[in-house]
Amino acid sequence: MIKYFLGTKKEENENKPQEESTGKPVEQHPVIALRNAWKTYRTGAVELTALRRISIHIFAGEFTAIMGSSGSGKSTLMNILGCLDQMDSGSYLLNGTDISSLNQEDLAFIRNQEIGFVFQSFNLLNKLTLQENVELPMIYGAVNRGERTRRALEALDAVWLASWARHRPNEVSGGQIQRAAIARAIVMRPALLMADEPTGNLDSRTSRDIMELFIQLNRSGSTIVLITHEKEISAYANRIIRVEDGEIVLDSFGRDAPKPERDN
Amino acid sequence: MLLESIKMAVSSLMANKMRALLTMLGIIVGIASVITIVSLGEGGKNEVLGQFEQIGASTVIIQVRSGQAQAGDYINQNDIEAIRTRIDSVKHVTATLQTVGHASTEMGRRRIYLSGIDADFIEFSPIEIVYGRLFTEIEYLDAFPVVIIDRAGAQALFGRENVVGERLTVESSGRLLRTTIVGVCESVASQFSAFASGFGGDMDDNRGIPFFVYSPFVTARSIIDDNNRLSSINVMAVEPERVDEAGAAVIRLLEMRRGNSERSVYRSQNLASILDQINNVINIMTWFISTVAGISLVVGGIGVMNIMLVSVTERTREIGIRKAIGATNTDILFQFMTESVILTLLGGMMGILAGLGLAYGISAAAESLGVAQITPILSWQAIVIAVAFSTAVGLFFGIYPARKAARLHPIDALRHQ
Ligand SMILES: Nc1ncnc2c1ncn2[C@@H]1O[C@H](COP(=O)(O)OP(=O)(O)O)[C@@H](O)[C@H]1O
Ligand SMILES: [Mg+2]
């Protein structure tokens with residue numbers, strides 16, 4: 001079931017040979033190629049530089065945790081990587097597309113097609129059922145109704161929520177809501193799955209379930225960038241990038257993480 | 001996408017039914033008042049037109065302006081004779097005395113319209129005899145106490161229709177006349193006749209459209225206190241094209257006989273000029289109500305804008321979520337515009353229904369009060385205009401909140417509590 005949600009778009013992968021042992025597609029270019037990113041917030045007269053000379057390359061199939069204390073710039077970085085916000089200077093190629101040249105409508109399209117978000121505060125629409133929430137990205141992606149229903153149910157099944165499809169968020173537990181949010185994030189089969197403190201509002205048992213789900217998605221090919229300030233959570237990733245005061249201070253690969261070839 | 005937008009908009013409105021309804025109120029009132037006046041106006045026009053069609057395009061009414069007139073200016077029987085014989089563009093001329101009175105039998109007393117008619121009357125307004133006959137020449141000439149009553153009157157006063165030969169006591173302004181019924185005619189539920197007779201204020205008994213009783217002109221004059229003055233006569237031209245000519249000729253003749261041309265005492269009205277006047281009255285009313293409705297639509301529109309702004313604020317986070325998962329600015333704009341248009345369109349449709357209901361209510365009330373009998377007519381044009389206006393209000397007042405929503409920055413929107 002989960003095989004449907006590979007790291008890159010299914011259509012693109014169909015004719016490409018896949019390495020069966022890892023299940024990860026072989027990619028020529030990085031999913032994320034961010035170079036020398038700067039971001040400064042201006043609130044009245046106060047200027048706050050949240051990101052300084054950040055360069056990150058992330059390849060398909062990686063499970064990266066971005067770590068750092070509160071206020072270090074993690075969310076700012078995620079917003080830029082997720083095309084929700086724009087940086088002041090620097091260059092950013094997402095799955096080969098130059099983001100800095102895009103207008104608002106194009107950015108919305110990229111968010112719809114290439115990126116799946118999982119938020120700390122879940123961010124499901126409470127008046128919709130779980131299934132309708134999962135269908136929402138496909139509505140904006142102009143997927144037809146029959147296909148929409150089919151894929152939504154498939155994604156809900158992948159996060160073990162098939163029998164909760166018709167429930168509303170206020171009728172299920174926090175862990176279930178977050179799993180539905182994950183289903184919504186993977187249903188468009190994005191190139192990149194981004195999660196900003198996805199377990200921040202969950203107890204430790206539920207957190208483990210959610211992290212197991214991420215591991216499983218990663219094993220079946222999803223490229224994941226996870227933001228956390230908790231060591232236990234970052235331990236699930238195979239690469240850890242540590243940010244302090246808007247700068248990268250550490251970029252390390254875990255023991256069982258295959259180091260991809262770098263182009264720089 | 002459109003279907004999805006409509007679904008989203010409907011579910012969001014359903015979540016706040018009371019608020020939506022209150023917001024629509026201005027639109028409902030605005031559209032309803034226009035629909036009421038337009039459908040009553042159309043219905044009234046139609047009714048009046050129907051009455052005038054019976055009179056025909058060849059008829060011209062000569063009236064004495066009561067403001068300018070002196071005692072000697074009023075039209076008399078000799079003038080009518082002169083018009084009949086000396087103007088060749090005139091085919092028929094008739095004078096009708098009309099008044100509101102009462103008729104009584106052993107069974108009861110009812111309000112009637114009493115019309116004193118001459119032999120030419122039926123050329124202008126046919127009397128359809130059901131039982132008995134019309135008046136004879138001798139009855140016209142010698143003021144026989146005979147009457148023709150309409151079917152509904154016979155039914156009301158005798159409990160049956162064929163009442164030829166029965167006795168009927170007719171009274172007007174305190175004078176009594178015992179008459180014999182020689183004919184029963186088809187009822188004409190005629191507002192025109194009601195109009196023309198300028199019904200008086202005695203609504204003391206028997207509400208509803210009164211019955212019609214006809215008698216020979218001279219007979220009626222014996223109980224109608226008019227000092228032998230006619231303030232209005234009907235003239236029929238030989239053909240419709242010469243109706244203006246006939247009217248002018250009659251006025252010239254009357255002025256010549258009186259030597260009062262410098263005071264312009266007489267005026268003529270024909271079908272066209274009367275229709276003009278009626279249209280004028282309806283148009284003035286329509287404009288007046290439309291202005292009121294316009295104001296109420298603007299107020300309603302501002303209400304819609306207000307509630308949509310509230311909605312945008314309440315749903316800022318939702319907008320952020322939608323944008324994060326791929327909604328474009330246009331998608332958001334469309335979603336909120338759809339919502340405001342559905343709001344006003346729904347209000348418009350409820351307004352059409354309410355307006356129609358009100359029009360039927362007013363028409364029923366008017367009929368039961370005996371004021372008029374009008375069937376409201378709702379033309380498809382009126383519906384189209386109402387729908388177009390309510391849509392326009394939704395678009396116009398919805399654009400600002402929708403743009404505000406569309407332009408929200410996804411990050412700011414997501415951070416909103
Ligand atoms: N919209 C904003 N306006 C001004 N300052 C901001 C804004 N967003 C974040 N910041 C500031 O930028 C810094 C980095 O914030 P953030 O990226 O949210 O950190 P983290 O997610 O690691 O806690 C913090 O000091 C924060 O106060
Ligand atoms: Mg943060």
Side-chain angles (χ1 to χ4, degrees), chain A residues 39 41 43 50 75-80 82-86 102-129 132-145 148 168-169 181 183-188 190 194 196, chain B residues 1-20 307-308 310-339 342-343 402-417:
Chain A
K39 175 79 181 175
Y41 290 113
T43 339
S75 293
T76 304
L77 182 56
M78 151 153 158
N79 291 339
I80 286 168
C83 302
L84 284 167
D85 205 357
Q86 279 167 310
L102 297 183
N103 62 23
Q104 298 239 26
E105 305 282 292
D106 292 338
L107 287 175
F109 180 75
I110 293 284
R111 288 197 293 269
N112 183 245
Q113 299 286 318
E114 305 280 13
I115 300 162
F117 288 103
V118 179
F119 300 94
Q120 176 174 0
S121 47
F122 317 135
N123 279 343
L124 291 191
L125 296 186
N126 288 322
K127 60 190 176 192
L128 302 185
T129 63
E132 287 165 338
N133 268 289
V134 175
E135 284 188 29
L136 216 48
M138 294 189 281
I139 289 175
Y140 294 118
V143 177
N144 72 46
R145 179 195 284 269
R148 223 154 63 203
R168 281 170 216 282
R184 183 182 66 185
I186 60 177
V187 78
M188 291 295 286
M194 305 207 76
D196 190 354
Chain B
M1 195 65 223
L2 178 65
L3 191 71
E4 293 304 325
S5 287
I6 291 173
K7 260 207 292 204
M8 281 185 226
V10 168
S11 79
S12 136
L13 293 177
M14 291 304 279
N16 273 308
K17 283 192 208 71
M18 196 61 197
R19 189 163 96 176
I307 222 69
M308 291 309 294
V310 170
S311 176
V312 170
T313 307
E314 284 174 352
R315 287 152 69 191
T316 300
R317 197 179 174 85
E318 173 189 329
I319 294 164
I321 295 169
R322 288 177 184 276
K323 286 195 153 190
I325 62 174
T328 61
N329 290 5
T330 315
D331 289 331
I332 302 293
L333 186 86
F334 204 73
Q335 181 188 341
F336 280 88
M337 289 295 277
T338 308
E339 200 170 314
I342 284 181
L343 200 58
R403 280 170 79 131
K404 202 176 152 178
R407 287 178 176 175
L408 281 173
H409 195 282
I411 300 290
D412 298 336
L414 274 172
R415 236 199 311 258
H416 194 267
Q417 281 320 302

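Sequence lines set the chain letters: A, B, ... in the order given, protein chains first and strands last, and positions in each chain run from 1. None of these values were measured; they are calculated from a predicted model.
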N/O donor-acceptor pair under 3.5 Å between B:Arg317 side chain and B:His416 backbone: yes

- prompt: Which distance, rounded to the nearest 0.5 Å, do you find between the CG of A:Leu107 and the CG of A:Asn112?
  reply: 12.5 Å

query: Checking heavy atoms, do the side chain of A:Ile115, its backbone, both or neither come under 4.5 Å from chain B?
result: neither

query: Between B:Glu4 and A:Arg148, is there a side-chain N and carboxylate O pair less than 4.0 Å apart?
result: yes

message: If the contact rule is any heavy atom under 4.5 Å from chain A, which residues of residues 405-414 of chain B qualify, in numerical order?
response: B:His409, B:Pro410, B:Ile411, B:Leu414

query: Using 4.0 Å as the upper bound for N to carboxylate O, is an ion pair formed by A:Lys39 and A:Asp85?
result: yes

query: For residues B:Asp331 and B:Thr328, is any side-chain donor paired with an opposing acceptor at under 3.5 Å?
result: yes

- request: Indicate yes or no: does B:Glu318 engage A:Lys127 in a salt bridge with an N to O separation below 4.0 Å.
  value: yes

query: Which bit of A:Glu105 is near chain B, if near means a heavy-atom gap under 4.5 Å: side chain, backbone, both or neither?
result: both

Pair up each side-chain donor or acceptor in residues 12-20 of chain B with any protein partner under 3.5 Å, not counting sequence neighbours, and list the distances.
from, atom 1, to, atom 2, distance (Å)
B:Ser12, OG, B:Arg315, NH1, 3.3
B:Ser12, OG, B:Glu339, OE1, 3.1
B:Ser12, OG, B:Glu339, OE2, 2.8
B:Arg19, NH1, B:Glu314, OE2, 3.1
B:Arg19, NH2, B:Glu314, OE1, 3.3

